[in-house]
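Take a look at the structure below.
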2 protein chains.
Amino acid sequence: MSLPKPGKPVRGSKSGNHLMALFDLLGRSWSMGIIWRLQEGSCTFRVLQDRCESISPTTLNKRLKELTQSFLIERTVDGYTLTDKGREIFLLLKPLESWAKDWAKKFESNE
Amino acid sequence: MSLPKPGKPVRGSKSGNHLMALFDLLGRSWSMGIIWRLQEGSCTFRVLQDRCESISPTTLNKRLKELTQSFLIERTVDGYTLTDKGREIFLLLKPLESWAKDWAKKFESNE
DNA sequence: TAGCTTTGCTATACAAAATGTAGCAAAAAT
DNA sequence: ATTTTTGCTACATTTTGTATAGCAAAGCTA
């Protein structure tokens with residue numbers, strides 16, 4: 001893979017729109033969840049599968065390949081790890097955590 | 001909708017994990033792209049469809065409903081707008097833009 | 001070292017999500 | 001009043017994700 005979905009343009013992007021390519025990558029099922037869980041520490045396929053609770057091995061495998069080819073994670077002798085780039089995105093995603101907590105109130109109250 | 005995917009737990013979340021609910025919502029096709037484009041300014045369905053270039057009306061409609069029920073966007077007399085919450089997420093997503101630009105280098109060079 | 005377990009997947013069949021296209025009813029423009 | 005635009009919906013197809021079974025390779029275990 002050169003950029004996610006090479007050849008035909010990435011969902012929602014003219015050629016050269018890297019942000020949309022990123023949205024496309026992160027916008028696949030479990031992408032962000034996997035990054036989040038890998039931040040807890042490098043681990044094997046099975047352990048990652050357990051951390052993700054309900055992911056199917058088929059999807060996990062596919063996502064891992066994509067994220068690896070996108071330089072966000074890499075395989076080592078003892079499993080999968082976030083790369084520097086991967087950790088960078090994690091840090092960008094992190095603020096969503098507390099935001100989400102606050103957002104949840106909207107669903108409870110009539111704020 | 002109370003939280004995205006009510007009833008059965010959201011993809012990758014135990015009950016009460018709002019971050020995973022958010023990942024699930026943003027992780028659907030076009031979710032982030034729509035937020036991004038709405039930040040350019042409120043607009044009608046058709047204009048939004050044009051801004052997104054290749055989105056199908058079916059998907060756009062579905063996403064708009066979900067994002068509305070999730071308090072990120074709202075309908076006004078003259079179309080769709082980001083809510084305060086929506087603008088907040090946009091601001092959290094914004095840093096991804098320059099990150100993506102840098103990330104793109106990985107695909108060009110042998111860095 | 002023979003057998004059992006665990007791991008990292010793949011194969012297959014199925015379900016759910018997204019797409020593309022057509023078109024229709026309501027509102028707006030002419 | 002007629003045409004055009006808008007905001008969808010219906011429907012058929014394709015793509016994506018799921019669930020389950022299982023297999024080959026590596027790692028214990030006796």
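A note on names: the letters A, B, ... follow the listed sequences, proteins ahead of strands, and every chain is numbered from 1. Predicted model only: the values in this text are computed from it and were never measured.
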Checklist entry - Is it true that a side-chain atom of B:Arg37 and a backbone atom of B:Leu48 form a donor plus acceptor pair closer than 3.5 Å? => result no

Item to check | B:Trp36 side chain to B:Leu93 backbone, donor-acceptor under 3.5 Å | outcome: no

Checklist entry - Using a cut-off of 4.0 Å on non-hydrogen atoms, how would the nucleic acid contact of A:Thr59 be classed: base, sugar-phosphate, or nothing? => result base

Checklist entry - Picking from C:dC9, C:dA18, D:dC8, which would you name as closest to the side chain of B:Ser29? => result C:dA18

Taking only N and O in the side chain of [X], is any of them less than 4.0 Å away from OP1 or OP2 of [N]?
{"X": "B:Lys65", "N": "D:dT9", "result": "yes"}
{"X": "A:Asn61", "N": "C:dG8", "result": "no"}
{"X": "B:Arg63", "N": "D:dC8", "result": "no"}
{"X": "B:Tyr80", "N": "D:dT6", "result": "no"}
{"X": "A:Trp30", "N": "D:dT18", "result": "yes"}

Length of the line joining [X]:[atom1] and [N]:[atom2], which is rounded to integer Å:
{"X": "B:Lys62", "N": "C:dT19", "atom1": "NZ", "atom2": "C1'", "answer": "12 Å"}
{"X": "A:Asp24", "N": "C:dT19", "atom1": "CG", "atom2": "C1'", "answer": "14 Å"}
{"X": "B:Ile34", "N": "D:dG7", "atom1": "CD1", "atom2": "P", "answer": "14 Å"}
{"X": "B:Asp78", "N": "D:dG7", "atom1": "CG", "atom2": "P", "answer": "10 Å"}
{"X": "B:Gln49", "N": "D:dT5", "atom1": "CD", "atom2": "P", "answer": "15 Å"}

Item to check | B:Leu60 vs A:Gly79, nearer the 5' end of DNA chain C by closest nucleotide | outcome: A:Gly79

Sub-3.5 Å pairs of nitrogen or oxygen atoms, protein against nucleotides 19-28 of chain D:
from: D:dA19; atom 1: N6; to: A:Thr58; atom 2: OG1; distance (Å): 3.0

Next on the checklist: Show me the pairs that pass ring-ring contact (aromatic ring centres under 6.0 Å, His included) and involve residues 40-68 of chain B, at least two apart or across chains.
Outcome noted: none

Checklist entry - At what distance, to the nearest 0.5 angstrom, does CG of A:Leu22 lie from CG of A:Leu19? => result 6.0 Å

Next on the checklist: I'd like to check the salt bridge (charged side-chain N to carboxylate O under 4.0 Å, His left out) partners of B:Glu74; sequence neighbours left out, ordered by chain and number.
Outcome noted: none

Item to check | salt_bridge(A:Asp24, A:Arg28) N-O dist < 4.0 Å | outcome: yes

Next on the checklist: Quick test of your reading of the model: are A:Glu66 and A:Arg63 salt-bridged, counting only N-O distances below 4.0 Å?
Outcome noted: yes

